[in-house]
Amino acid sequence: MNQTAEEPIGRRHFMERAILSIFGAIGVMLTPPILGYILSPVFRIREDLSQSTRWAPVAPVSEMETVGDLPRTFDVPYRVKEGWRVRETSRQVYAVRKGGELALFSTFCTHLGCPTAWDDAKRMVICPCHGGLYNNFGEVIGGPPPRNLASLEYKVENGVVYLKDPANVYEVGWKDPRKRA
Amino acid sequence: MEGSFIGSRLAIAITASVHALFATFIVGGMLLGATAESVGVLTRDERYERLSHSIARTLVLMSATVAFLGVVLVLFLTILWPNFWTLLFRIMFWPLIFEASMFLGEAACLYPWYYSWGKWPRKTHLLIAWLGATFGVVAMVMIDTVGSFLLTPRPVAPALHRMLNPSMVQLTLHRFAGNLSWFGFGIAALSAIRYLRTKDPRERAYHEWAGAFAITLGFGFLLLMPIIGFSYLKAIRFASEGAFGRLMLGEKSWIFVLQVFLIDVLILVGTWYMFRIANFHYRDNVYFKRYRLITFLLLAVAAVVFVMPYQMRYIPFAEYFTSAEVNPWGKMQPNKYIAMGVMIGLGILNYGFYLGALRFKTEWGGGGRLPQVLLIVLGLFTIFSMINMGYARENARYPYLIYGKMTIEEEREIGLGGGSREGPTSRQENPEERNRQAPRGLEETRKR
Amino acid sequence: MRQSIRDWFDERVGLDIFERMLQKPLPKRGAWFYTLGSATLTLITLQFITGAFLMFYYVPDGEFAESSIRYITEQVRYGWYLRSMHRWSANLLFIVIGLHIFRVFVSGSFKRPREMTWIIGAFIFWTVIGIGLTGGLLPWDSNAHWIGTVFGNTLSYFPLVGRFLRSALLGGEHVGTLTLTRFYALHVWVLPLVLGILITLHLYLIRKHGLFGSVIEYRDQIRALEAQGVRRESIIVTKMTPDETEPFYPAQVFRDSIIAFSLITLVSLFSTLFPFSPYRGEEPPPTRIIPRPEWFFWSVDEWLMYFPGKLIPIGLVLITLFFLFLPFIPFVERHPEVSPIRRPVSTIIGAWVYLFIIILAMMAGARIFNY
Ligand code: HEM
Ligand code: FES
């Protein structure tokens, strides 16, 4: 480089350092806010969930009484808060009578979360994505799913069965992070 | 009458499997022969030329046999199982016709390919070879639509669904890779025999090289087979649950245990052979010996895990050794997957080493007898596993001829079995019940 | 007149740079294979154009996205055409990129001194995959919803960071309002910007180094250098004799134009004959929805299926490593030999990988068609 006598090494050195620091400072001013901005929803999940439906009505008890030991599908309407919007939506659950007790379990395949369906002819719950197979109680009998279909909490009030936390979709993957092992 | 019906099954089964064995050999052979010739043109290495020429001769000798067996098979089907054959022919008219004409096309390319050797211009000659190979592959695809339809039929209309039934693509890929693998091992075994029978060092050099080259294809495609087979079984399970249960969990599951055993042997012996051939290149490497030892140990453990049967009660002669009905160690899930992964992974690695060493191999013919014996073993086991697979496939549908649509009983009523038509009752008892096991539950295995 | 206009621009812009670019010598042999790169460029340009115009009507909002797409396809004049062009050309793009990578790999063109070209190419490939992935969600029909769900859940199996990745990408635990805006921003602005920069660099590097000739010619050159005692590692083969080359303009531009014309005709033909309709008939009831990934993700889908239960992360990590490995290929295969026949190990492995990917995709396709 052309170093002249008037430009002593110190000055040049200073400017190089200064350039670095200036751009470093610009980076510091921009990066954390942007990261925080992008990741904001991640930190707000809990808050959003607390503003979503806690208990969603599934069906009257009288109707549930008719459920046998083959799963029947119910639509569960609920509200979910997502960012700035509260959205009306619905999901499905299976209801089945297991040992005399009513059991609700999820329709979401535990593998990658596809919507499963009960196949009457084959007498299995079948996942259309990668052929996960479950029996009538949602227990895995074949295919890639890592665990049984998630069993869901419910309560009975005023003759109606309510599903707990329908928006809290922790039903895919190895284990339910809400339950401490 | 009873005897003749069983006889008819036997006759059809034998013709069909021998026909299939030769036909697949020819499809693989056309592909490999064309490849070898092309590589020969590109590298100007005369050995490829010679190899493809001898492949062509083998194929010419064989194709007449295949055609003969095919005709015999059709004759048998028409005479012995007229009902089934008419139905199938109606459903699959175009694929079958197309298959026959494609076979004709293949033969029409094969003969000029062989007889014009050295006479036609190179490009025309290569073109003929590849054209014949393409015809062969198309013929195979066509017959696969028929074969897969028997096991996993779909509603007959629309035609696209009939052709692309649930296991069609998997069967085609399985056969495609399988043919090449089978042909590779077959040709390797043939060259091994020639190697052992000659004393001429130049001949020995050529035959040893031909075996090593054939193994690059045989083993390379062998590694694909379990992966495709997995998807194939999944497709069968999806479409014909009963057949899957019979094959994997039920009384015929021992066939599959046997098959896994054969795959184990193929991979182990193949690896052994590759190490023998590649030894010259890695001999000076201090880690090589250790690596080889570890590989074999891992492969052996994986092979044992992989072959571990679950339903002990269905294995012939198992009662002399154990009284357990099922394996006391359980189903070994997911250990079997891991074992399979280890075998394929190590297989790929060793294959890479083998290819890397082959590049530098210049002296051929001094390898001794052992590798050649290994090649013959490989060839025999491949044939064995082909027959076994065919047997498994055909037995899985029992008691159906077309799964879920037509049973053997129905053929017997109308065909050879004599005129005792009892009306619809025999049809009403649902044959699927025979395959269905006790109530579903966790009992049900998660085997592949 | 023409000359004076030219001079006017030359003085202010410096046309000589571009003219020199147009004169850059290219190998004569295998020239048709070299059109694959520009074919990719054609399709990407088409994507930019059609995409920009789709943005005029599209609304990235959970409530309106579907209706706006329906409006584009059913009411806007030629809306169906633009949308179908965008989708067909995206499909074709993946094929053409695959072929381009294959040709570059087989002809050994990624070797010294072109490592950076390859590395940037690999980054381009990642970006294109990202664009394809985010674009799949924008129609916002039920299929898109499930594709997003499956994608997010796949990410969640990554060891340690899985759940965080899923929430960060989807903007929440599941696919919802925030997911769409994110994917929209990524699809129409962030990733295309990155892609644009990367393509510029890619093209700059290609112009800097010139194209690799069809390799077989270099064999003698390498041999001669080796005979002189030069170490193999230090041989750089870039020079071609003049009779092996011809200038980029007009011969190669002519070929490129023919390819561009055929491609766009093809896309246009497909769009007219098989336009994408927004709805597959009536909306089916939720239980009967069968999520169908785009075909270019089929092989990944099939691959992940082979790893059941506790093994899922293994499959996921393996496939991630495969993608991460792409830019390192020039550093793994370092010897200067470029002929596919004289480096059979690489050729066989490359062909094997392609075959494997195709087989996986075919099997997944059969599964998806039949389930
Ligand atoms: C949007 C995607 C891409 C575009 C528009 C593009 C464009 C081009 C063009 C126009 C060329 C010169 C003509 C030719 O060789 O075909 C080229 C060459 C090249 N491309 Fe790409 N490319 C893309 C993706 C990739 C990818 C994904 C890779 C590798 C992973 C890659 C690696 C290379 C290399 C190494 C060369 C130099 C070839 C040589 O010098 O012979 N490119 N690219
Ligand atoms: S999502 Fe259900 S099996 Fe993969």
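Chain identifiers are assigned alphabetically (A, B, ...) following the order of the sequence lines, protein sequences preceding nucleic acid strands; residue numbering begins at 1 within each chain. Heavy atoms only: backbone and side chains are in, while hydrogens, waters and symmetry mates are out.
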Item to check | chain C contact via A:Thr107 - which portion, at a heavy-atom distance below 4.5 Å | outcome: neither

Next on the checklist: Given heavy-atom pairs under 4.5 angstrom as the criterion, report whether the side chain, backbone, both or neither of A:Ile38 touches chain C.
Outcome noted: both

Just wondering, are more than 12 heavy atoms of other shown residues or ligands nearer than 6.0 Å to [atom1] in [X]?
{"X": "A:Arg72", "atom1": "CZ", "value": "yes"}
{"X": "C:Tyr57", "atom1": "OH", "value": "no"}
{"X": "C:Phe48", "atom1": "CZ", "value": "yes"}
{"X": "C:Phe325", "atom1": "CZ", "value": "yes"}

Taking all atoms of both residues into account, what is the closest heavy-atom pair of [X] and [Y], and its distance?
{"X": "A:Cys114", "Y": "C:Val150", "value": "SG-CG2, 3.5 Å"}
{"X": "A:Glu82", "Y": "C:Gly176", "value": "OE2-CA, 3.3 Å"}
{"X": "A:His111", "Y": "C:Ile312", "value": "CD2-CD1, 3.6 Å"}
{"X": "C:His174", "Y": "A:Val80", "value": "NE2-CG2, 4.1 Å"}

Checklist entry - Quick one: does A:Pro115's side chain get under 4.5 Å of C:Pro291's, heavy atoms only? => result yes

Checklist entry - Do any pairs count as a side-chain hydrogen bond (donor to acceptor under 3.5 Å, both in side chains) and have a residue in residues 148-159 of chain C, sequence neighbours left out, and if so which ones? => result C:Asn153-C:Arg166

Next on the checklist: Please check: side-chain N/O of A:Arg85 versus main-chain N/O of C:Leu178, any donor-acceptor pairing under 3.5 Å?
Outcome noted: no

Item to check | Test item: C:Arg367 side-chain N/O and A:Pro128 main-chain N/O as donor-acceptor pair under 3.5 Å | outcome: no

Checklist entry - For C:Glu302, is it the side chain, the backbone, both, or neither that has a heavy atom closer than 4.5 Å to a heavy atom of chain A? => result neither

Checklist entry - Does the side chain to side chain contact (heavy atoms under 4.5 Å, CB included) test come out yes or no for A:His130 and C:Asp301, once each step is laid out? => result CA-CA 8 Å; A:His130 316 101; C:Asp301 195 54; 2.8 Å; yes

